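Report on the following structure.
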Number of protein chains: 2
Amino acid sequence: MKTREKILKAAQEAFAKKGFNGVSMEEIAKAAGVKKALIYYYFPSKENLFEEVWTRTIDEIEESLFKEVENEKSYMRKLKKFLRSYIDFVTNKTVLVELIEKERSSIVEEQKWENLRKRYNGFLSKMANLIAEGKRYNAIYDDIDPIAAANLISSSITPRKKGMLNNILSMIMRGILKEK
Amino acid sequence: MKTREKILKAAQEAFAKKGFNGVSMEEIAKAAGVKKALIYYYFPSKENLFEEVWTRTIDEIEESLFKEVENEKSYMRKLKKFLRSYIDFVTNKTVLVELIEKERSSIVEEQKWENLRKRYNGFLSKMANLIAEGKRYNAIYDDIDPIAAANLISSSITPRKKGMLNNILSMIMRGILKEK
DNA sequence: CTATTTACTTACCGTTCGGTAAAAAATTAT
DNA sequence: ATAATTTTTTACCGAACGGTAAGTAAATAG
């Protein structure tokens with residue numbers, strides 16, 4: 001792996017585990033097997049490094065979730081596949097979701113992270129579009145705000161024990177889908 | 001207000017806004033209008049201060065939510081009142097909920113916070129008991145795990161725009177309640 | 001009034017932080 | 001082969017961190 005990628009991966013894991021303020025550049029360097037100064041050769045600052053980690057993380061999630069769903073014909077199959085993929089992703093790529101869980105509120109609140117907030121909202125919008133589509137197919141309750149549904153999904157489908165995740169998903173599905 | 005209370009309140013607000021690692025003892029001292037060393041007169045360490053803030057925050061939430069619900073006779077009224085109180089609390093005491101939202105994942109994951117995790121799980125258990133009661137009254141779907149429902153509520157009822165909060169709540173209610 | 005305890009301040013400690021300049025090593029181009 | 005460029009290391013900086021020791025001021029007890 002290229003050095004830059006090694007740094008990004010180590011940073012992603014460290015930020016996910018300890019949060020932006022909980023991890024030092026020294027730690028990231030050690031985890032990546034490089035000297036700290038080398039990180040500053042590839043990234044101008046800790047904030048900038050975090051920004052790239054965040055963006056790439058959401059890129060990964062989006063690609064994984066929306067790619068394999070785009071060729072489904074039936075809406076119901078599409079949405080269910082999406083939610084199943086979501087659970088799989090949360091289960092197998094835990095670290096990516098942990099990063100979001102840990103820093104979401106900071107990114108939503110602090111003006112400093114405006115770009116990252118936009119990226120995150122873009123992800124939510126894509127999910128909201130999928131939900132909105134369901135209203136046209138009469139598959140989803142009329143009174144549901146697609147963006148609220150996307151927020152609900154994104155903040156509750158997070159790394160947990162498998163049984164609990166499935167249970168949470170079934171509650172959400174019953175809450176938004178007209179039929180099972 | 002007593003000095004110790006001033007410190008606790010300032011710490012609560014600071015931790016809620018910036019998280020444990022994002023805030024310095026100096027900042028907390030300034031916000032409380034005292035010298036930093038005085039904090040160490042009342043609290044042995046930053047971690048200890050945070051522990052007390054966390055515990056008192058959950059105490060406050062619990063008291064507010066469960067106190068005014070305990071005298072309801074009809075289960076349906078009780079649960080709905082509980083959820084309404086939850087929304088009110090989240091809306092009006094934003095800072096308390098933000099603290100939990102920001103540090104929940106660290107506290108659930110890091111062994112260092114074992115006591116705080118227990119306190120948080122105790123809160124979830126209380127909520128789960130309320131849900132479990134609903135199963136006995138045939139008000140809540142049989143296949144629902146009360147603890148999963150408590151987790152769903154706690155992680156999705158967080159500070160947001162009022163309309164969205166209500167929308168999220170109605171999805172959750174439809175997801176767990178047999179009838180409206 | 002004085003002795004003792006409680007509350008608070010000043011001044012500092014060692015460490016770690018994010019970040020940088022400059023040199024060294026490795027790679028590539030001529 | 002050697003010059004030019006890219007990548008990496010070494011050695012350091014000032015600031016901020018959590019925390020402490022020693023002393024002062026205010027309240028309370030005898």
Side-chain angles (χ1 to χ4, degrees), chain A residues 1-57 99 102-103 106-107 109-116, chain B residues 1-57 99 102-103 106-107 109-116:
Chain A
M1 214 191 315
K2 301 283 266 185
T3 302
R4 199 168 186 281
E5 292 299 317
K6 281 199 304 189
I7 294 171
L8 279 165
K9 206 186 164 206
Q12 189 180 51
E13 276 169 35
F15 284 140
K17 207 188 282 181
K18 304 192 180 186
F20 178 76
N21 286 311
V23 69
S24 70
M25 294 297 266
E26 193 67 52
E27 274 180 87
I28 296 172
K30 276 225 165 85
V34 303
K35 304 292 169 183
K36 185 183 62 165
L38 191 56
I39 301 184
Y40 286 93
Y41 175 75
Y42 288 100
F43 304 92
S45 69
K46 188 186 180 185
E47 288 191 10
N48 184 285
L49 171 60
F50 179 75
E51 284 179 18
E52 187 151 340
V53 166
W54 179 265
T55 305
R56 290 167 61 113
T57 299
L99 174 70
K102 196 143 280 162
E103 296 298 333
S106 299
I107 286 187
E109 287 159 27
E110 291 171 35
Q111 65 197 51
K112 154 181 157 188
W113 299 121
E114 195 193 338
N115 291 334
L116 304 191
Chain B
M1 214 193 314
K2 303 282 266 184
T3 302
R4 198 167 187 280
E5 293 298 317
K6 283 199 304 192
I7 294 170
L8 279 165
K9 205 186 164 204
Q12 189 180 50
E13 277 168 35
F15 284 141
K17 206 188 282 177
K18 305 193 179 184
F20 178 77
N21 286 312
V23 68
S24 71
M25 293 299 266
E26 192 68 50
E27 274 180 88
I28 296 172
K30 276 227 165 84
V34 304
K35 305 291 168 178
K36 185 182 63 166
L38 189 57
I39 300 184
Y40 287 93
Y41 176 74
Y42 288 101
F43 304 93
S45 69
K46 188 186 182 186
E47 289 192 8
N48 184 283
L49 171 62
F50 179 75
E51 284 180 17
E52 187 151 341
V53 166
W54 178 265
T55 305
R56 288 167 63 113
T57 299
L99 173 69
K102 197 144 281 162
E103 295 298 334
S106 299
I107 283 179
E109 287 160 26
E110 292 170 35
Q111 64 197 52
K112 154 180 156 187
W113 299 121
E114 196 195 339
N115 290 334
L116 304 190

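Just so we're clear, the structure is a prediction, and the values are computed from it rather than from any experiment. Residue numbers begin at 1 in each chain, while the letters A, B, ... track the order of the sequences. Both backbone and side-chain heavy atoms feed into the values below; hydrogens, waters and symmetry mates do not.
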Under the 3.5 angstrom rule, does the side chain of [X] hit a backbone N or O of [Y] as a donor-acceptor pair?
X	Y	value
A/K17	A/G22	no
A/K36	A/S24	no
B/E52	B/L8	no

Discussion item. So that I know where these two stand, are A/W54 and A/F15 an aromatic pair - ring centroids less than 6.0 Å apart?
Written reply: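 No, ring centres 6.0 Å or more apart.
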What is the distance, rounded to the nearest whole Å, between atom [atom1] of [X] and atom [atom2] of [N]?
X	N	atom1	atom2	value
A/K2	D/dT8	NZ	C1'	14 Å
A/L49	C/dG19	CG	P	10 Å
A/E27	C/dT16	CD	P	11 Å
A/F50	C/dG18	CZ	P	14 Å
B/L38	D/dT24	CG	P	18 Å
A/K35	C/dA25	NZ	P	14 Å
A/K30	C/dT16	NZ	P	10 Å
B/F20	D/dC17	CZ	P	13 Å

Worksheet item: Base, sugar-phosphate alone, or nothing: which one does A/Y42 contact when heavy atoms must sit under 4.0 Å apart?
Response: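 Sugar-phosphate, backbone atoms only, no base.
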Return the polar atom pairs (N/O with N/O) between nucleotides 19-21 of chain D and the protein under 3.5 Å, or none.
{"unit_1": "D/dG19", "atom_1": "OP2", "unit_2": "B/Y40", "atom_2": "OH", "d": "2.9"}
{"unit_1": "D/dG19", "atom_1": "OP2", "unit_2": "B/K46", "atom_2": "N", "d": "2.8"}
{"unit_1": "D/dG19", "atom_1": "N7", "unit_2": "B/K36", "atom_2": "NZ", "d": "3.0"}
{"unit_1": "D/dG19", "atom_1": "O6", "unit_2": "B/K36", "atom_2": "NZ", "d": "2.6"}

Any [X] side-chain N or O less than 4.0 Å from OP1/OP2 of [N]:
X	N	answer
B/Y41	C/dA7	yes
B/T3	C/dC8	yes
A/S24	C/dC17	yes

Discussion item. Check A/E109 with B/K102, please: is the shortest side-chain N to carboxylate O separation under 4.0 Å?
Written reply: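 Salt bridge: yes.
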Worksheet item: Taking all non-hydrogen atoms of both residues, which atom of A/I7 and which atom of A/A32 are closest, and how far apart?
Response: CA-CB, 4.0 Å
Item to complete: Would you name the heavy atoms of B/A29 and B/K35 that are closest together and state the gap between them?
Response: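 Between these two residues, the closest heavy atoms are CB-C, 3.9 Å.
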